Number of protein chains: 2
Amino acid sequence: MCAVATVESVLMNIGEIARRAGVSRSTVSYALSGKRPVTGETRRRIQAVIDEIGYRPNAAARALKEGRTRTLGLVIPPANQRLTDMQLGFVASVVEAAARADLDVLLSPSGGDHDRSFERVVTGRRVDGVILMEIRLEDERVVRLRESGLPFVTIGHTANPYGTCWVDVDYPTLIARCVHHLADLGHRSLALVNRSAELLAIGYGPAHRALAGFTEAVAQRGLTGVELTCADDAAAGESCFEQLRDQHPDVTAVVTINEAALPGLQRGLERAGLVVPRDMSLAGVAARHWAEDFRPQLTAADIPTVEMGASAVDLLLERIAAPEAPARHLLLAPPVSLRASTGPAPR
Amino acid sequence: MCAVATVESVLMNIGEIARRAGVSRSTVSYALSGKRPVTGETRRRIQAVIDEIGYRPNAAARALKEGRTRTLGLVIPPANQRLTDMQLGFVASVVEAAARADLDVLLSPSGGDHDRSFERVVTGRRVDGVILMEIRLEDERVVRLRESGLPFVTIGHTANPYGTCWVDVDYPTLIARCVHHLADLGHRSLALVNRSAELLAIGYGPAHRALAGFTEAVAQRGLTGVELTCADDAAAGESCFEQLRDQHPDVTAVVTINEAALPGLQRGLERAGLVVPRDMSLAGVAARHWAEDFRPQLTAADIPTVEMGASAVDLLLERIAAPEAPARHLLLAPPVSLRASTGPAPR
DNA sequence: TTGTATGCGTTATCAG
DNA sequence: CTGATAACGCATACAA
């Protein structure tokens, strides 16, 4: 019999609470923030009103007054191209870590055509700090952020990261470890399946660093190594395998940072009647779940996405609290987890 | 010789622009919004100043004044549990569609312990509208949003969705189509690998609707069907296969909405020396990329995540513009793409 | 075509 | 311990 009224129309500002509780606005404000003592009785009356009409302070007004938004910006790659499992791990862990600190996360797809979103975030004072991912060796967004004075942390690092906060994985070392592991197994001819030629061309950090680590480790062990670039999808992985088979038939092991290409690579192998790791070993750098879901389970350096995302948030909060403090960074080199995709070299 | 100064300290409000351009604040405001004519000369002078010091209006102040934030809220499942490929597809496409409309997206992980984030979004007037995903048949967040008066759209729908805007995939129909496809291939005994028992217990919509569609289609075709619940990971998928093999050895085809379980299921099959689709057919509902990356490529109803995310944003924008208009919804039933994981029943 | 004054909802400063 | 009042930066109704 009782119609359900939408609470929509009742106005809920701090003045209304004050009116209903019979106190002044500032008293309500202080009762909420606890920044100055309020009598138990008044506090109780205020709390009762707040609970009754479900008041919460207006975020925009508070942001305007306080000069901070309690929001972090997270700049992600343009969403039209599928995000890799690793990138998704970062997004999830950043959101999670931010939520633990009672901070919200504003997503900004950037790098594509709409850098309007990025500009809004940087210059509209919409966030207290920014986390940037998918860093290039020379990254104009880093330049932009640096000159904006907005605190920021990057997941990945530029060629000259001095003075910026960042957290990254040590790709050269990880790739080198994979190479050494394969060399120890007797492989003499290795291929690196890198990310796409486009990414390499625009100076995408992990692609360049993986190549550097591969080249050096291969030379160090006196192996022959070939480098292939490959787009982030199964079809590209498949044609990458064809290329390998046609032009480098002596290759017995592949190391990669391109997880998205692996299903296609594996499909190519299967079609050619080759079995992993009997005929070809596979090793790489990937998120743990991804490596474990792969068939056979992938020998890989497992990227600690959760830890990296959480660290990025921690670093950013430090930087927001003390913008002038010296920039810190974190370079992780997780061990290579031996699974089922690597074995002794054939013959 | 010229030190690189951070632009940080220069104040950049509309008054400062006005002062430097020698006009009043309102003129600057109108020059920006174009809501009243401004002489070409003054406009040019103002624009010059703006370009010079890189001014952009303060989002908080604008939100406070206008009563809208130009931001959409996106409520995602708690990020500690890995998001499925489908869920990620929604996030990406919503962000993309919002960016096209010059809107930002605020992420709110909810459903776990911290519903503080959800409450902030709902009641702090931080967003103009909300997109909710992972809907249960009875969903308290929907109730909460409805009584808050904040415009919202759900991806998925409750048992009684009347009066709410939503977009969803027709799970009963899709699962039924899979069943019919398998029945046509001669399979007589089918299994449904559902999402986890926990999700089913809390009334997760897709799990219940998939079950309903399966049960009905199986009955209609006079088949025998068993239903298994399975957590969202490879290990669970593997033990799910063991269970199938032990307790239901007559099953020759599996239909599933649990993409995350499939790698494990497939690993179990392999270990038992069974080949898909020769010994066992697999069909399901999944994101297209996921189905194509699977080995063998998965016969599946491909969820149009991009279209769904974009539609959710469209519906939400409509609803924000006209909150009293009748609620619209979209129920999609994409066709089953025949790939390599289904074949004639064995023997 | 432009300038002035007001209020959005908070928090902080100053009186009491 | 509490109340009035002034900002925060912007958009707009009103006046010129």
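Proteins get letters first, then strands, A, B, ... in listed order; numbering begins at 1 in each. Just so you know, these numbers come straight off a predicted model, no measurement behind them.
- A close approach under 4.0 Å does not occur between any side-chain nitrogen or oxygen of B:Ser24 and OP1 or OP2 of C:dT2.
- Scanning residues 55-64 of chain A for heavy-atom distances under 4.0 Å to DNA chain C yields A:Tyr55, A:Pro57, A:Asn58, A:Ala61, A:Arg62.
- Look at B:Arg116 and B:Glu119 and you find no salt bridge, because none of the NZ, NE, NH1 or NH2 atoms lies under 4.0 Å from a carboxylate O.
- OP1 and OP2 of D:dC1 both lie 4.0 Å or more from every side-chain N or O belonging to A:Thr27.
- Although no hydrogens or angles enter the test, the distance criterion places no donor-acceptor pair under 3.5 Å between the side chain of B:Asp115 and the main chain of B:Phe118.
- A straight line from CD of A:Glu16 to C1' of C:dC8 spans 16 Å, rounded to a whole angstrom.
- Counting only distance, with no hydrogens or angles, the side chain of A:Thr42 and the backbone of A:Thr39 share a donor-acceptor pair below 3.5 Å.
- C:dT10 atom C1' lies 11 Å from atom NZ of A:Lys35, rounded to whole Å.
- The CD-P distance, from A:Glu66 to C:dG9, rounds to 17 Å in whole Å.
- Between the side chain of A:Asp128 and the backbone N or O of A:Arg70 there is at least one donor-acceptor pair closer than 3.5 Å.
- For D:dA7, the base has a donor-acceptor partner in the side chain of A:Lys65 [N/O atoms by modelled type, under 3.5 angstrom].
- Separating the CG atom of B:Asn13 from the C1' atom of D:dC8 is a distance of 9 Å, rounded to the nearest angstrom.
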Run the side chain to side chain donor-acceptor pair (under 3.5 Å) test on B:Ser26 and B:Ser29 for me, step by step, so that the C-alpha distance in whole Å, both residues' side-chain angles and the decisive distance to 0.1 Å come before the verdict. CA-CA 5 Å; B:Ser26 57; B:Ser29 179; over 6 Å; no
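- Between the base of D:dA4 and the side chain of A:Ser26 there is a donor-acceptor pair shorter than 3.5 Å.
- Per the geometry, CD1 belonging to A:Ile53 stands 13 Å off P belonging to C:dG9, to the nearest Å.
- Between the base of C:dT2 and the side chain of B:Arg36 there is a donor-acceptor pair shorter than 3.5 Å.
- At whole-Å resolution of the value, CZ in B:Arg25 and P in D:dA13 are 16 Å apart.
- For the residue pair B:Ser110/B:Ser108, the side-chain donor-acceptor check at 3.5 Å is not satisfied.
- Phosphate proximity of D:dC1 to A:Thr42: absent, as no side-chain N or O sits under 4.0 Å from OP1 or OP2.
- Between B:Asp139 and B:Arg144, none of the side-chain N atoms (NZ, or NE/NH1/NH2) sits under 4.0 Å from a carboxylate O, so this pair counts as no salt bridge.
- In this structure, B:Ile46 atom CD1 and D:dA11 atom P are separated by 13 Å, rounded to whole Å.
- Counting to the nearest Å, the P atom of C:dT4 and the CZ atom of B:Arg19 are 15 Å from each other.
- Applying the 4.0 Å criterion to OP1 and OP2 of D:dT12, one finds that B:Ser29 has every side-chain N and O outside that range.
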